[in-house]
Novice: 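Dropping a structure here in structure tokens format, bear with me for questions.
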Protein chains: 2
Amino acid sequence: MIQKVVSPESLGLTLRAARKDKGLSQKAVGHAVGMEQHTISKIEKGNPGTGLGTLFRLLSALELELVVQPRRKPSGDDLGDVW
Amino acid sequence: MIQKVVSPESLGLTLRAARKDKGLSQKAVGHAVGMEQHTISKIEKGNPGTGLGTLFRLLSALELELVVQPRRKPSGDDLGDVW
DNA sequence: TAAAAATATATTCAATAGGGTATAAAATGA
DNA sequence: TCATTTTATACCCTATTGAATATATTTTTA
């Protein structure tokens, strides 16, 4: 499961999918890294104010990593959300 | 140029490298997306409080995208910084 | 090495995060 | 359908953002 993200919204959706993949609740992942359930909720809903520190804590809980790479030209099978 | 990032610090370093690659100043990238020079500086220095909205604006200015993927086991040539 | 450009740091301010806590609303299941 | 679990909201609070602006420091280059 690899997902390109270009906005807080698409990032939120990706994180939610990853969490569900692992069968975890927001409460579970949050508490695993000392965060409140409502914080996870806001992130997944695309809150643009979410801080990087908070993001990386969540990525850690979900055993995910981030890759920064040059933006490719959108190809046919991309799902939009590109700005 | 593809970079794994696992913390605000490593993200900052990656963004700085990408900016230099393009021969742009902090002022230039910042103003390209309506951000102050000092904000770019803080991001590159690894400020954990930087918001996602701010991050994505910068990524846009640098024509970069983010990929979320499962964390691989660290291999020999990784530079640490893994938590 | 002097000037210019780039980057880091500082201050004030309005806005908002995230913790703590509570509850409403929605989804899941027995 | 009722109870349980999960997710979304809300409030208060303290801390910190990022804009605006200014200046110090560092780096580049003529």
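Residue numbers start from 1 in every chain, and the chains themselves are labelled A, B, ... in the order their sequence lines are given, proteins ahead of strands.
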Novice: Return the OG1 to CG distance between A:Thr39 and A:Leu58, rounded to the nearest 0.5 Å.
Specialist: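 Going from the OG1 atom of A:Thr39 to the CG atom of A:Leu58 covers 10.0 Å.
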
Novice: How far apart are the closest heavy atoms of B:Gly46 and B:Pro8, and which atoms are they?
Specialist: O-CB, 3.3 Å

Novice: If I take atom CZ in residue A:Arg16 and atom P in nucleotide C:dA27, what distance separates them, rounded to the nearest angstrom?
Specialist: 11 Å

Novice: Would B:Leu59 and B:Leu15 count as a side-chain contact (heavy atoms from CB on, under 4.5 Å) if you check the C-alpha gap in whole Å, the side-chain angles of each, and the deciding distance to 0.1 Å?
Specialist: CA-CA 8 Å; B:Leu59 289 173; B:Leu15 293 174; 3.7 Å; yes

Novice: Using whole Å, report how far NZ of A:Lys45 lies from P of C:dA25.
Specialist: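 My rounded result for the distance is 14 Å.
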
Novice: Side chain to side chain donor-acceptor pair (under 3.5 Å) with B:Thr54: which residues, sequence neighbours excluded?
Specialist: none

Novice: Show me the side-chain donor-acceptor pairs of residues 27-37 of chain A shorter than 3.5 Å, one per line, residues at least two apart or across chains.
Specialist:
| from | atom 1 | to | atom 2 | distance (Å) |
| --- | --- | --- | --- | --- |
| A:Gln37 | NE2 | A:Gln26 | OE1 | 2.9 |

Novice: Pick the closest DNA chain D nucleotide for B:Thr54 and for A:Glu44 by heavy atoms, then say which residue is nearer the 5' end.
Specialist: A:Glu44

Novice: Students often get this wrong, so: under 4.0 angstrom with heavy atoms, is B:Lys27 touching a base, only sugar-phosphate, or nothing?
Specialist: nothing

Novice: How bent is the helix from C:dT1-D:dA30 to C:dA30-D:dT1, measuring the angle between the end axes built from five pairs each, rounded to 10°?
Specialist: 60°

Novice: Between OG of B:Ser25 and NZ of B:Lys20, what distance do you get to the nearest 0.5 Å?
Specialist: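 It is 10.0 Å, given to the nearest 0.5 Å.
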
Novice: Tell me, which of residues 34-42 of chain B have any heavy atom that sits under 4.0 Å from an atom in DNA chain C?
Specialist: B:Gln37, B:His38, B:Ser41

Novice: Counting only side-chain nitrogens and oxygens, does B:Ser25 get under 4.0 Å of the OP1 or OP2 atom of C:dA5?
Specialist: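 No, no such contact exists.
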
Novice: Does a side-chain N or O of A:Asn47 approach OP1 or OP2 of C:dT16 to a distance below 4.0 Å, or not?
Specialist: no

Novice: How far apart are the closest heavy atoms of A:Leu55 and A:Thr50, and which atoms are they?
Specialist: N-CG2, 4.5 Å

Novice: Which pairs count as salt bridge (Lys or Arg N to Asp or Glu O under 4.0 Å) when at least one residue sits in residues 60-69 of chain A, sequence neighbours excluded?
Specialist: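 Qualifying pairs: A:Lys22-A:Glu63, A:Glu65-B:Lys4.
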
Novice: Would you name the heavy atoms of B:Leu11 and B:Val5 that are closest together and state the gap between them?
Specialist: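 What the structure gives for the nearest pair is CA-CG1, 3.6 Å.
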
Novice: Does anyone know the first and last nucleotide of DNA chain D in reach of chain A, 5' to 3', at under 4.0 angstrom to a heavy atom?
Specialist: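 In short, chain A contacts DNA chain D from D:dT7 to D:dA10.
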
Novice: Could you tell me the separation between the CZ atom of A:Arg19 and the P atom of C:dA27, rounded to a whole number of Å?
Specialist: 14 Å

Novice: How many angstroms lie between CD1 in A:Ile43 and CZ in A:Arg16, if you round to the nearest 0.5 Å?
Specialist: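 Taking CD1 in A:Ile43 and CZ in A:Arg16, the distance rounds to 11.0 Å.
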
Novice: Would you give the length of the straight line joining atom OG1 of B:Thr14 to atom CZ of B:Arg19, rounded to the nearest 0.5 angstrom?
Specialist: 13.0 Å

